[in-house]
Amino acid sequence: MRKTALITGFTGQVGSQMADFLLANTDYDVLGMMRWQEPMDNIYHLSDRINKKDRISIFYADLNDYSSIQKLFESRRPDFIFHLAAQSYPKTSFEIPIETLQTNIIGTANILENIRLLRQKDGYDPVVHICSSSEVYGKAKVGIKLNEETAFHGASPYSISKIGTDYLGRFYGEAYGIRTFVTRMGTHSGPRRSDVFFESTVAKQIALIEAGYQEPVIKVGNLSSVRTFQDCRDAIRAYYLLSLESEKGNIPCGEAFNIAGEEAFKLPEIIDILLNFSDMGGGIEIKQDEDRMRPIDADYQMFDNSKIKSFIDWKAEIPVKQMLKDLLNHWRDEIKKGRIPLNR
């Protein structure tokens, strides 16, 4: 029988592209977990295969509903779990801190506790990828490369929720022998990236301006951050390779890995790159919007990727400029299809 990979957060940027990768590069059956009311934009291209149950199907559940998670694991028992679902927007987390903490920490505990109980009952032993975030490092010191031993410093309710998620992945691995591994991915982008994130909202606004739906002004928040950028598709490949090594027993239970781009950009540089892809670039004004500012921000993030490279043969392959061009073209395509995004 084919192995089954469960993807939580199936309809998001990372989850939908994880499904694409697994369908193209493995013979796994793919089980996408989603809430019944979620938008389907990122998975419409899979609708025919889902309807035909051609190696991919949907299970409706909610991280905050323990009984639905229990039903999922008792009935389907996936061999691999890629836990990508989260309230993943740092800016939004300031407005809904309790929901962010509940979804990301308790939701992750609901998954791991169900696995623990089934493991205790009959030896159920899946590989579990817990997706943390580079935001756990928060207000890092300028000039240092962040490695897996760098102290956490939460800079938003989101980052604090991911610190809890991170610790849960480690705890359930070390305490109960569940084959967990934790990833802390730096800023990742590309097609299907939500417009609540900096580079995606800039690309979306450029596309709206080009199509005549927005005046030639791009509204932005804090531009003082220095960050690495990486294509989501490269990160997904790392997730998969780590899962294989975990299955072989080559990764200690609960181990954590940074996955990030290795070239740092000031945020105005990202704007310039995107504007250079547009014929209207020179006529567009950049304006800071107070509503887009966070009370506290992660100002500097540069990473040490040496640990992950010691476990798997991996490096980022998609250049940042190509990633940003693909992101801009994604928004152009959405607008051409009549899916005109709100200017938020």
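Small disclaimer: the values here were computed from a predicted structure and weren't measured.
Remark: Arg76 pairs with no residue by the salt bridge (charged side-chain N to carboxylate O under 4.0 Å, His left out) rule, at least two apart or across chains. Taking the salt bridge (charged side-chain N to carboxylate O under 4.0 Å, His left out) definition, one finds that Lys336 meets it with nothing, sequence neighbours left out. Applying the salt bridge (charged side-chain N to carboxylate O under 4.0 Å, His left out) criterion to Glu245, with sequence neighbours excluded, gives Lys248. Legend: residues meeting salt bridge (charged side-chain N to carboxylate O under 4.0 Å, His left out) with Glu149, ordered by chain and number and at least two apart, are absent.
For the pair Arg77 and Asp122, the salt-bridge criterion is met [side-chain N within less than 4.0 Å of a carboxylate O]. Salt-bridge annotation for Arg179 and Glu247: absent, with no side-chain N of the basic residue lying under 4.0 Å from a carboxylate O of the acidic one. Comment: Asp54 engages Arg49 in a salt bridge, judged by a side-chain N to carboxylate O separation of less than 4.0 angstrom. A salt bridge is absent between Asp27 and Arg2: the closest approach of a Lys/Arg side-chain nitrogen to an acidic carboxylate oxygen does not fall below 4.0 angstrom.
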Can you check salt bridge (Lys or Arg N to Asp or Glu O under 4.0 Å) on Lys337 and Asp333, steps first, answer last?
-> CA-CA 6 Å; Lys337 293 173 185 175; Asp333 290 342; 5.9 Å; no

Assess whether salt bridge (Lys or Arg N to Asp or Glu O under 4.0 Å) is satisfied between Asp326 and Arg233, documenting all intermediate values.
-> CA-CA 12 Å; Asp326 291 348; Arg233 293 162 288 190; 2.9 Å; yes

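Across Leu22 and Thr26, no two heavy atoms sit closer than the pair O-OG1, 2.7 Å. Scanning all heavy atoms of the two residues, the minimum distance from Asp304 to Ser306 falls at OD1-OG, 2.7 Å. Pairing each heavy atom of Arg119 with each of Asp125, the nearest pair is NH1-OD1, 2.9 Å. The minimum heavy-atom distance linking Ala19 with Ile56 is given by the pair CB-CD1, 4.4 Å. Of all non-hydrogen atoms in Gly138 and Ala155, the two that sit nearest each other are CA-CB, 4.0 Å. Across all their heavy atoms, Thr201 and Asp195 have their closest contact at CB-O, 3.2 Å.
Hydrophobic clustering (side-chain heavy atoms under 4.5 Å, transitive across Ile, Leu, Val, Met, Phe, Trp, Tyr) groups Leu274 together with Ile284.
Around the NZ atom of Lys71, the shell of radius 6.0 Å holds no more than 12 heavy atoms that belong to other residues, nucleotides or ligands. Within a 6.0 Å sphere centred on NZ of Lys121, other residues, nucleotides and ligands contribute 12 heavy atoms or fewer. Residue Lys309 places its NZ atom among more than 12 non-hydrogen atoms of other residues, nucleotides or ligands, all under 6.0 Å distant. The neighbour count for Asp279 CG, taken as heavy atoms of other residues, nucleotides or ligands under 6.0 Å away, does not exceed 12.
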Show me the donor-acceptor pairs within less than 3.5 Å that the side chains of residues 6-14 make with the rest of the protein, sequence neighbours left out.
unit_1	atom_1	unit_2	atom_2	d
Thr8	OG1	His83	ND1	2.8
Thr8	OG1	Leu84	N	2.8
Thr8	OG1	Ala85	N	3.0
Thr11	OG1	Glu38	OE1	2.3
Gln13	NE2	Ser189	O	3.4

Could you tabulate the donor-acceptor pairs under 3.5 Å formed by side-chain atoms of residues 167-175, not counting sequence neighbours?
unit_1	atom_1	unit_2	atom_2	d
Arg170	NE	Glu174	OE2	3.2
Tyr172	OH	Glu113	OE1	2.6

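Remark: aromatic rings of Phe257 and Phe311 are close, center separation under 6.0 Å.
The aromatic rings of Phe265 and Phe229 sit perpendicular, their planes meeting at an angle over 60°, well past the 30° parallel limit.
Lys325 NZ to Leu327 CG: the interatomic distance, rounded to the nearest 0.5 Å, is 13.0 Å. To the nearest 0.5 angstrom, Asn276 atom CG is 11.5 Å from Leu328 atom CG. The line from CD1 of Ile209 to CG of Leu275 is 8.5 Å long, rounded to the nearest 0.5 Å. The CD1 atom of Ile98 sits 11.0 Å away from the OG1 atom of Thr103 when rounded to the nearest 0.5 Å. To the nearest 0.5 Å, the span separating CZ on Phe303 from CG on Asn147 amounts to 11.0 Å. Put simply, OH on Tyr66 and CD1 on Ile111 are 11.5 Å apart, with the number rounded to the nearest 0.5 Å.
Counting only distance, with no hydrogens or angles, the side chain of Thr165 and the backbone of Asn104 share a donor-acceptor pair below 3.5 Å. In this structure a side-chain-to-backbone donor-acceptor pair under 3.5 Å is missing from Asn250 to Ser246. Between the side chain of Asp166 and the backbone N or O of Lys162 there is no donor-acceptor pair closer than 3.5 Å. Side chain of Tyr124 to backbone of Pro78: a donor-acceptor contact under 3.5 angstrom is found. With hydrogens and angles disregarded, a donor-acceptor distance shorter than 3.5 Å links the side chain of Gln17 to the backbone of Pro191. With hydrogens and angles ignored, the 3.5 Å screen pairs a side-chain donor or acceptor of Asp79 with a backbone N or O of Thr4. Thr150 contributes no side-chain N or O that, together with a main-chain N or O of Leu146, makes up a donor-acceptor pair within less than 3.5 Å. A side-chain donor-acceptor contact under 3.5 Å links Ser200 to the backbone of Arg193. Within the 3.5 Å criterion, the main-chain N or O of Met185 finds a donor-acceptor partner in the side chain of Ser134. A donor-acceptor pair is defined here as one N or O able to donate and one able to accept, closer than 3.5 Å; no such pair exists between the side chain of Ser57 and the backbone of Lys53.
For Tyr137 and Asn258, the side-chain atoms include at least one donor-acceptor pair closer than 3.5 Å. Side-chain contact, Asp234 with His188: no donor N or O sits under 3.5 Å from an acceptor N or O. Defined by atom type and a distance below 3.5 Å, a donor-acceptor pair is missing between the side-chain atoms of Ser159 and Glu135. Side-chain contact annotation: Ser133 with Arg184, donor-acceptor N/O pair under 3.5 Å absent. Residues Thr187 and Gln230 bring no donor and acceptor atom of their side chains to less than 3.5 Å of each other. At a cut-off of 3.5 Å, with distance as the only test, no side-chain donor of Gln87 or Glu99 sits close to an acceptor on the other residue.
Remark: of the listed residues Phe94, Phe197, Tyr158, Phe197 is the sole one forming a ring pair (Phe, Tyr, Trp, His ring centres under 6.0 Å) with Tyr89.
Within the cation-pi definition used here (under 6.0 Å to the ring centroid, within 45° of the axis), Arg116 qualifies as a partner of Tyr176.
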